[in-house]
Amino acid sequence: MFVRGLVKGLSVTLKHFVQTYLGHTGLRDGVRPDPTLGGLFTVQYPDEKLPMFPRFRGALMHLRNPETGEPNCTACGLCIRACPQQCIEVEGEGKGKERKVTAYRYDLARCIFCRLCVESCNFNAIELSQEYELATYSRDMVWDLEKLLALGDKYGVHETGKAW
Ligand code: SF4
Ligand code: SF4
């Protein structure tokens, strides 16, 4: 009885060991193959990167008006009030509908990715991106508008048409 159980357990181990070296390996078009097909299950990071989950909360990004290319932000300041960590500073110019953002500072080191800033924004100007490679050698982790817009250009909006 004991030997039968041992052989059965080892046969399962052997089966998975052999499967590891057969079948699909790595990513295919950015998608991890079905693990039941066999093959190496680990991704060769950083050469290969898994796509993040649609609702992943990474660093903040700024979104543009797709027609004009201008930032959607109107520097209304609601996100500043919503942020429990005081991560955000905004400067703007103009009044009413003409008002637009001139500077935006986001302190990544303080952010807890709660997304309250995004929920407070009425202009679809900000969203949490898929960016997860946030390690840096610098202690200055305050990102300016240019960097936040570049991140928005990189990740854009989800295929559903909504921001991520
Ligand atoms: S990101 Fe949104 S809430 Fe924050 S200042 Fe700009 S428009 Fe207002
Ligand atoms: S995600 Fe939360 S902590 Fe980070 S900037 Fe937005 S409101 Fe502040």
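Side-chain atoms are counted along with the backbone in the values below, which use heavy atoms only and exclude waters and symmetry mates.
Hydrophobic clustering keeps W143 apart from L116 (ILVMFWY residues linked when any side-chain heavy atoms are closer than 4.5 Å, directly or through intermediates). In the hydrophobic cluster analysis, where Ile, Leu, Val, Met, Phe, Trp and Tyr join through side-chain heavy atoms closer than 4.5 angstrom, L151 is grouped together with M141. Taking hydrophobic clusters as Ile, Leu, Val, Met, Phe, Trp and Tyr residues chained together by side-chain heavy-atom distances below 4.5 Å, L134 shares a cluster with L149. Tracing side-chain contacts under 4.5 Å through hydrophobic residues (I, L, V, M, F, W, Y), one never reaches F123 starting from V118; they form parts of separate clusters. M61 and L78 are members of different hydrophobic clusters when ILVMFWY side chains are connected at heavy-atom separations under 4.5 Å.
Between the side chain of R64 and the main chain of P71, no donor-acceptor pair closer than 3.5 Å is present. Judged by distance alone, the side chain of R99 and the main-chain N or O of C76 form no donor-acceptor pair under 3.5 Å. With hydrogens and angles ignored, the 3.5 Å screen pairs a side-chain donor or acceptor of S129 with a backbone N or O of A59.
Scanning all heavy atoms of the two residues, the minimum distance from C79 to S120 falls at CA-OG, 3.4 Å. Taking each heavy atom of V101 and L145 in turn, the nearest pair found is CG1-CD2, 3.8 Å. The two residues A75 and G92 make their nearest non-hydrogen contact at CB-CA, 3.7 Å.
To the nearest 0.5 Å, atom CD1 of residue I88 and atom CD1 of residue I126 are 5.5 Å apart. Atoms SG and CD, on C117 and E127 in that order, are 8.5 Å from each other to the nearest 0.5 Å. Remark: C87 SG to I80 CD1 distance equals 11.5 Å, nearest 0.5 Å. Interatomic distance, L128 CG to C114 SG, rounded to the nearest 0.5 Å: 8.0 Å.
By the side-chain contact (heavy atoms from CB on, under 4.5 Å) test, D47 pairs with no residue at all, sequence neighbours left out. K15 meets the side-chain contact (heavy atoms from CB on, under 4.5 Å) test with Q19; sequence neighbours excluded. Residues that satisfy the ring-ring contact (aromatic ring centres under 6.0 Å, His included) test with F17, not counting sequence neighbours, are Y21. Remark: K154 pairs with E131 by the salt bridge (Lys or Arg N to Asp or Glu O under 4.0 Å) rule, at least two apart or across chains. With sequence neighbours excluded, the residues satisfying side-chain contact (heavy atoms from CB on, under 4.5 Å) with N65 are E67, T68, N72.
The neighbour count for E98 CD, taken as heavy atoms of other residues, nucleotides or ligands under 6.0 Å away, does not exceed 12.
The closest side-chain heavy-atom distance from K100 to E93 is below 4.5 Å.
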What donor-acceptor contacts under 3.5 angstrom involve side-chain atoms of residues 103-113, with partners at least two apart or in another chain?
unit_1, atom_1, unit_2, atom_2, d
R105, NE, E89, OE1, 3.0
R105, NH2, E89, OE1, 3.2
R105, NH2, E91, OE2, 2.8
Y106, OH, L60, N, 3.4
D107, OD1, A109, N, 3.1
R110, NE, Q85, O, 3.0
R110, NH2, Q85, O, 3.2

